[in-house]
Amino acid sequence: MKRGAKYLAPPLRRGFVSANSAVKKASHDYQLIDTEQKFDEFFTQLKKQKIFAIDTETTSMFAMRADLVGISFSWKPQAAFYLPVKAPLGQKHLESETIRQKLAPILADRNIKKIGQNIKYDLLVLQNAGVPVKGVHFDTMVASYCLDADRKHSLDKMALDFLNYESIPISALIGKGKNQLTFDMVDTAAACEYSAEDADITFQLYNYLKDHLDKEPQLKKLFEEVEMPLVEVLAAIECNGVSLDTKLLKNMSGELNETIKNLTDRIYELAGEVFNIDSPKQLAEILFDKLKLESIRIGKAGRSTDAGVLEQLADQHAIIPLIIEYRMVSKLKNTYVDKLSLLINPRTGRVHASFNQTVTTTGRLSSSNPNLQNIPIRTELGRKIRSAFIPKNKKDCILSADYSQIELRLLAHFSKDKALMAAFAADQDIHRFVASQIYNVPIEDVTDQMRSNCKAVNFGIIYGQGAFGLSRSIGISQTEAKKFIDDYFARYSSIRKFMNDCVENAKRTGYAETILHRRRIISNLTSKNANKRAQAQRLAINTVIQGSAADLIKVAMINIQRKIEAENLPVKLILQVHDELVFELPASDADKHAKWIAKEMSTAIKLDVPLKVDISYGQTWLG
DNA sequence: GTGTTCACG
DNA sequence: ACGTACGTGAACACG
């Protein structure tokens, strides 16, 4: 049984109450505001409020493609109002013009505080409906994320867990699967019950979560000064979107078709039969049964055929290099070349991804629909895809600004290692510097091999890699790898101390903590299972570094967007890729903007090492 | 819905 | 004897 479960009373199940029922709903007061007269009464009350929860209903899960259907408000537990602006034929609804004119001043008033669940969504919907919102005060989803990133943050789950309340599932209104209705087809009475409930619950969750944040001043500061301001920055990024060279992508698609056809034919030829190359199961049968190649690794579903395995088999059979190439080309074509154009918004002509604030356990953002944080760059073909990201206006350019070695700089900052700090202070090539120390040779005598090995170790350290992993990543024996790591820690004992401190702190407090006091709960640090324990230790270390880097770029994003708005600069933030910000701005002023952007990024948080920002710009994201 | 694979930092 | 480097999202196969 789960801890605490036995103390939890069963959730209050909502009784179904039909729209025309005479039953008095003692438990809540949800009002449908579907006439001008009701609106006036509602509006008289709304005007008196300094803080309220707001929720929008729309025709789409995706904010940039959603049309407004209704708005609900709540400023008192168990009480809420639903204002339909679109309704099925024959049902009363308010005129959008009334809503726009009457509500707009209140929504635009930054002194009237708005509460929402995933309020970034409502910001975008309302802005696209011609009603910009200011005074974004509290997002229940973001608050829950700050308190415990690992839990689920959906409204329904939080209502159940925090309020012991089971809310109406959206499927009760619109169904599920491919025959789903859109919300504008739902009865206004049912829509009211659903939507008003969401606003009500959001307001109740606000009270609950606020109390918990109030008990943790440092988390509260992170929430108020970083995460909440970031909501509006992410809304701006999503609204801005990115522009694509569709012609280039279309041409590439045709060329890649030929490549894939050619590879497929040759693979079938060498295999002696036609099979589905995309099926790891069928591929394994061909490679390991028919062609008698050696199976190197097995997983749950059978013998692995991943890139690492294929690489080791590359010179065993002529089919392997073809499969490696087939995998790369089909991946890039199916995931990017053929998919990105499909996501262009017809209204804006641009692609508007979601930048998710409450997904990762470390504090990083994630991106979806499409994921614009994993656009290829490592191969020639990959870079060609990246060159399809262009400015919409010919006189603009794409400017990319990325932190140089942000995680290693944070490692130097946290560990206070004198040598590493000095190396960064002198703007040395950090991998070369470490190599000269570990191999005990002058900087100019460091070979590419030495530098490359130390680069692998530097990265491995951040992830808590052991001798096995290092030996595999740089192709030396485990014994040699162990010696290498021992030498590294002998030379950089302050790094070992930092890593030990990360684990000890996490053991003592129960969580890893970033530079801005973001927390991640770490369990298993005292597990009897050595593997689980080692993994927990790696998390305790990596979370501090990865999470602090996330903190840093979030602060930079907020400061940059504030400057853009305060000075009304013609600069659009269009992407964040963990240590990189991408902008669309006038090519004629690229140097000028590059300067202040680099300054904002490098001064976001003061560290004991300088923060370096590399900038490039040009007619595409390739620079 | 789960597992495998692979794109990115 | 064990598994082995952190954090994501998407496409595809398969039951």
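Lettering follows sequence order; numbering is per chain, from 1. Here the structure is a predicted model, which is why all the values come from computation and not from measurement.
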Which part of the nucleic acid does [X] contact within heavy-atom distance under 4.0 Å: base, sugar-phosphate only, or nothing?
X	answer
A/Arg297	nothing
A/Asn276	sugar-phosphate
A/Arg378	base
A/Lys300	sugar-phosphate
A/Thr305	sugar-phosphate
A/Ser473	base
A/Ile377	sugar-phosphate
A/Arg538	sugar-phosphate
A/Leu470	nothing
A/Gln282	sugar-phosphate
A/Leu539	sugar-phosphate

Does OP1 or OP2 of [N] have a side-chain N or O of [X] closer than 4.0 Å?
X	N	result
A/Arg472	C/dT4	no
A/Ser367	C/dT8	no
A/Asn334	C/dC12	yes
A/Ser366	C/dG9	yes
A/Ser304	B/dT5	yes
A/Thr361	C/dT8	yes

If you only use heavy atoms from C-beta on, which nucleotide in [options] is closest to the side chain of [X]?
X	options	result
A/Asn374	B/dC8, C/dA10, C/dC12	B/dC8
A/Asp306	C/dA10, C/dC14, B/dT5	B/dT5
A/Ser368	C/dC6, C/dA10, C/dT8	C/dA10

Rounding to an integer number of Å, can you tell me how far [X] [atom1] sits from [N] [atom2]?
X	N	atom1	atom2	answer
A/Tyr463	C/dG7	OH	P	10 Å
A/Asn369	C/dG9	CG	P	10 Å
A/Ile553	B/dC8	CD1	C1'	14 Å
A/His578	B/dA7	NE2	C1'	11 Å
A/Asn529	C/dC2	CG	C1'	9 Å
A/Leu408	B/dG9	CG	P	15 Å
A/Leu343	C/dG9	CG	P	16 Å
A/Gln478	C/dA5	CD	C1'	14 Å

- prompt: Sub-3.5 Å donor-acceptor pair from the side chain of A/Glu238 to the main-chain atoms of A/Phe355, do we have one?
  reply: yes
field: Side-chain donor or acceptor of A/Lys339 paired with backbone N/O of A/Asn334 under 3.5 Å
entry: yes
message: What I want to check is whether the side chains of A/Glu294 and A/Gln312 have a donor and an acceptor closer together than 3.5 Å.
response: no
task: Compare every heavy atom of A/Leu322 with every heavy atom of A/Leu270, then report the nearest pair and how far apart it is.
output: CD1-CD1, 3.6 Å
- prompt: What are the two closest non-hydrogen atoms of A/Ser144 and A/Lys152, and how far apart are they?
  reply: OG-O, 4.3 Å
- request: Step through it carefully: locate the ring centre of A/Phe484, locate the ring centre of A/Tyr488, and say whether they are under 6.0 Å apart.
  value: no
field: Plane angle bin for A/His431 and A/Phe459 - parallel if under 30°, tilted between 30 and 60°, otherwise perpendicular
entry: tilted
- line: Pairing string of DNA chain C (Watson-Crick or G-U wobble, both atom distances under 3.5 Å; | = paired to other strand) is .....|||||||||.
Whole-Å C1' distance, C/dC2 and B/dT5: 25 Å
- prompt: If we take the P atom in both C/dT4 and B/dG9, what is their distance in whole Å?
  reply: 24 Å
message: Here's a test for you: under side chain to side chain donor-acceptor pair (under 3.5 Å), which of A/His517, A/Arg518, A/Arg364 qualifies with A/Asp551?
response: A/Arg518
query: So is A/Arg519 actually on top of A/Tyr511's ring, under 6.0 Å and inside 45° of the axis?
result: yes
query: By side-chain hydrogen bond (donor to acceptor under 3.5 Å, both in side chains), which residues pair with A/Ser387, not counting sequence neighbours?
result: none
message: If you go through the side-chain atoms of A/Gln546, does one of them form a donor-acceptor pair with the base of C/dC6 closer than 3.5 Å?
response: yes
